[in-house]
Amino acid sequence: MARQPADVLNPGVRRREVFAWAMYDFANSGYTTVVLTAVFSAYFVGVVADGAPWATFAWTASLSLSYAIVMLSMPFLGAWADRRAAKKRLLALSTVGCVLTTAALSQVGPGAVVLGIVLIVLSNVFYSWGESLVAAFLPELAQPQALGRVSGWGWSFGYLGGMLALGLSLMVVLRDKAAGLSAAQFVPKTMWITAVVFGVSALVTFVWLKERARPLTEEGAGGSGKAWRQLNATFREARRYRDFMWLMACAVAYQAGVAVTIALAAIYAEQVIGFAQQETMVLIFVLNIAAALGAFVFGHWQDRIGHRRALGLTLAGWVLTCVIAAVTTTKGGFWYAAAIAGVCMGSSQSAGRALAGLFAPPAQLAEFYGLWTFAIRLASIVGPLTYGLITWGTGGNQRLAILATAGMFVAGWVLLQKVDVERGRQAAITAS
């Protein structure tokens with residue numbers, strides 16, 4: 001990582017520590033890219049469930065169940081981690097859990113719907129816990145005026161990890177298809193690839209990333225009861241943190257649309273546009289390149305033009321993406337939508353994570369990122385489940401479902417106008 005100016009990183013933070021933090025994004029991105037987006041989602045619908053009319057709904061319902069578990073657990077886990085300075089310990093546990101359950105997905109074959117649902121729920125819960133916990137390290141590493149940049153580095157580096165896992169998986173798929181093997185024979189191999197890339201890459205994080213928080217005294221830290229009381233106190237003071245609350249509402253709206261893209265892009269490409277599985281994997285690979293560039297460039301731009309304006313521009317791009325995807329009938333047209341989606345995905349996710357860090361009191365980072373995760377996972381239920389219900393209720397009209405997704409981004413833009421960045425930052429400072 002290049003030498004950074006003194007106003008980017010907090011005092012005492014070394015560049016290798018930022019690299020180690022970004023390596024976790026690199027490690028876990030293979031899970032979302034291969035399992036949730038490019039390979040296992042379409043495999044579950046088309047092979048495991050044999051293309052049944054309820055298959056897409058079953059997939060979205062499984063994800064929704066996992067996100068509901070995360071919503072109910074992560075704010076408490078965050079508050080507990082803050083009191084115990086245990087972010088890194090919990091991150092290690094969630095990482096091991098996700099790696100093991102991802103590898104276990106290799107055992108899901110045709111007809112094994114229940115096993116597939118159980119493992120996708122468990123793996124996604126572990127993944128989501130880890131994503132929230134690692135995000136809570138961001139304000140400890142970067143100075144407030146550089147949160148967008150550093151967040152963008154992590155997201156852009158993360159997409160490179162997704163491309164590595166997907167690229168290795170694509171090589172296996174192309175080789176095995178040429179040999180005449182079926183999806184039931186080569187998809188399990190991609191689950192092993194994803195698990196190994198995740199586990200090996202995350203080792204860098206645990207070697208160099210420091211737990212900079214300090215636990216409270218044993219008397220003050222308490223057990224789970226103290227963590228619950230801390231969480232309740234935050235809710236009682238919701239008016240003080242009203243800009244963070246407006247940001248959460250905004251995130252529920254626009255991240256619902258992002259969740260549709262992550263969970264259903266491969267299904268839409270194959271069942272509506274007519275992509276073959278290897279074409280879908282190439283599409284998602286290119287989408288990750290666009291997302292990496294979007295996260296990196298917008299991260300720098302966000303710190304210059306303002307967090308709210310940068311996020312608002314990406315939401316406009318998302319609306320355009322949904323409209324193009326809904327009306328296009330050609331693979332070429334869908335490629336345009338995917339390219340725009342990639343740029344917007346990297347930038348919108350990076351921008352949201354940085355804003356959450358700006359509004360989080362320094363002594364409550366894991367708790368506030370746990371609340372942020374609550375909003376993101378609620379969105380992950382609302383978006384794909386709404387899409388699945390529209391598809392089911394209209395007899396499989398996914399074009400109407402993707403067009404309806406544009407409304408989620410419009411709602412996010414409207415709610416974003418309620419956010420006052422300076423006021424939200426001041427509330428975080430005075431609370432510490």
Side-chain angles (χ1 to χ4, degrees), residues 24-25 28-29 31-33 35-37 41 57-81 87 90-91 93-95 97-98 101-102 117-136 138 151 155 158 231 234-235 244-265 318 345 348-357 359-360 365-389 405 408-409 411-412 415:
Y24 198 85
D25 279 347
N28 73 359
S29 289
Y31 176 82
T32 54
T33 304
V35 177
L36 299 186
T37 305
S41 57
F57 180 73
W59 173 254
T60 55
S62 301
L63 295 181
S64 297
L65 175 59
S66 68
Y67 294 137
I69 294 170
V70 174
M71 284 172 55
L72 295 173
S73 59
M74 195 60 234
F76 165 74
L77 289 177
W80 186 89
K87 296 193 301 293
L90 289 181
L91 182 62
L93 291 173
S94 65
T95 301
C98 190
T101 49
T102 299
I117 289 174
V118 170
L119 289 175
I120 204 65
V121 168
L122 289 175
S123 62
N124 203 30
V125 166
F126 286 126
Y127 165 81
S128 300
W129 284 344
E131 184 183 43
S132 178
L133 289 163
V134 80
L138 173 61
S151 179
W155 275 113
L231 193 58
T234 299
F235 280 110
F244 180 77
M245 298 301 174
W246 279 118
L247 179 63
M248 287 176 62
C250 168
V252 170
Y254 84 80
Q255 286 284 2
V258 174
V260 168
T261 302
I262 293 173
L264 297 157
W318 272 118
M345 183 180 297
S348 60
Q349 291 182 308
S350 172
R353 181 167 69 176
L355 260 177
F359 293 166
L365 294 180
E367 177 188 351
F368 269 63
Y369 270 106
L371 293 170
W372 173 250
T373 298
F374 178 94
I376 300 303
R377 295 317 173 205
L378 177 58
S380 297
I381 294 174
V382 171
L385 200 56
T386 300
Y387 184 100
L389 287 170
T405 303
M408 300 175 185
F409 295 110
L415 291 167

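- Residues passing the side-chain hydrogen bond (donor to acceptor under 3.5 Å, both in side chains) test with T60: none are found, sequence neighbours excluded.
- In this structure, CZ in F76 is found 11.5 Å from CD in E367, a value given to the nearest 0.5 Å.
- The nearest pair of heavy atoms linking G383 to M408 is CA-CE, 3.9 Å.
- The two atoms that bring L389 and F57 nearest to each other are CD2-CE1, 3.6 Å, heavy atoms only.
- Minimum interatomic distance between I69 and S73 (heavy atoms only, all atoms of both residues): O-OG, 2.8 Å.
- A 4.5 Å side-chain heavy-atom check between C98 and N28 finds every atom pair outside the cut-off.
- Nearest heavy-atom pair, G370 versus P75, reported as atom, atom and distance to 0.1 Å: O-CG, 3.7 Å.
- The nearest pair of heavy atoms linking A251 to A379 is O-CB, 3.8 Å.
- In this structure, CG on L72 lies 11.0 Å from CG on L77, to the nearest 0.5 angstrom.
- Looking only at side-chain heavy atoms (C-beta outward), S128 and R377 come within less than 4.5 Å of each other.
- Once rounded to the nearest 0.5 Å, the distance linking CG of L247 with CG of L371 reads 11.5 Å.
- The two residues A136 and A366 come nearest to each other via the heavy atoms CB-CA, 3.7 Å.
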> Between L63 and L385, does a side chain to side chain contact (heavy atoms under 4.5 Å, CB included) hold up when you go through it step by step?
Replying inline: CA-CA 9 Å; L63 295 181; L385 200 56; over 6 Å; no
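- In this structure, W59 and I120 have side chains that are in contact, with non-hydrogen atoms separated by less than 4.5 Å.
- Under the 30°/60° scheme for interplanar angles, the aromatic rings of F368 and F244 are found to be tilted.
- Contact of the S151 side chain with the L138 side chain is registered, since non-hydrogen atoms from C-beta on lie closer than 4.5 Å.
- Side-chain contact between W129 and L93 is absent, with no heavy-atom pair separated by less than 4.5 Å.
- To the nearest 0.5 Å, atoms OG (S94) and CE (M74) are separated by 8.5 Å.
- Using a 4.5 Å heavy-atom threshold, the side chains of Y369 and L133 count as separate.
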> Do T405 and W318 pass the side chain to side chain donor-acceptor pair (under 3.5 Å) test, and can you show the C-alpha distance, the side-chain angles, and the key distance before you say yes or no?
Replying inline: CA-CA 9 Å; T405 303; W318 272 118; over 6 Å; no
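- Looking only at side-chain heavy atoms (C-beta outward), W80 and L90 come within less than 4.5 Å of each other.
- The distance from the CD1 atom of I117 to the OG atom of S66 is 11.5 Å, given to the nearest 0.5 Å.
- Atom CZ of F359 sits about 12.0 Å away from atom CE of M245, to the nearest 0.5 Å.
- Comment: R353 does not engage E131 in a salt bridge, judged by the lack of any side-chain N to carboxylate O separation of less than 4.0 angstrom.
- Under the 4.5 Å side-chain criterion, counting only non-hydrogen atoms from C-beta, I381 is in contact with M71.
- With hydrogens and angles left out, the side-chain atoms of T95 and Y24 include a donor and acceptor closer than 3.5 Å.
- A donor and an acceptor atom, one from each side chain of Y31 and S123, are located under 3.5 Å apart.
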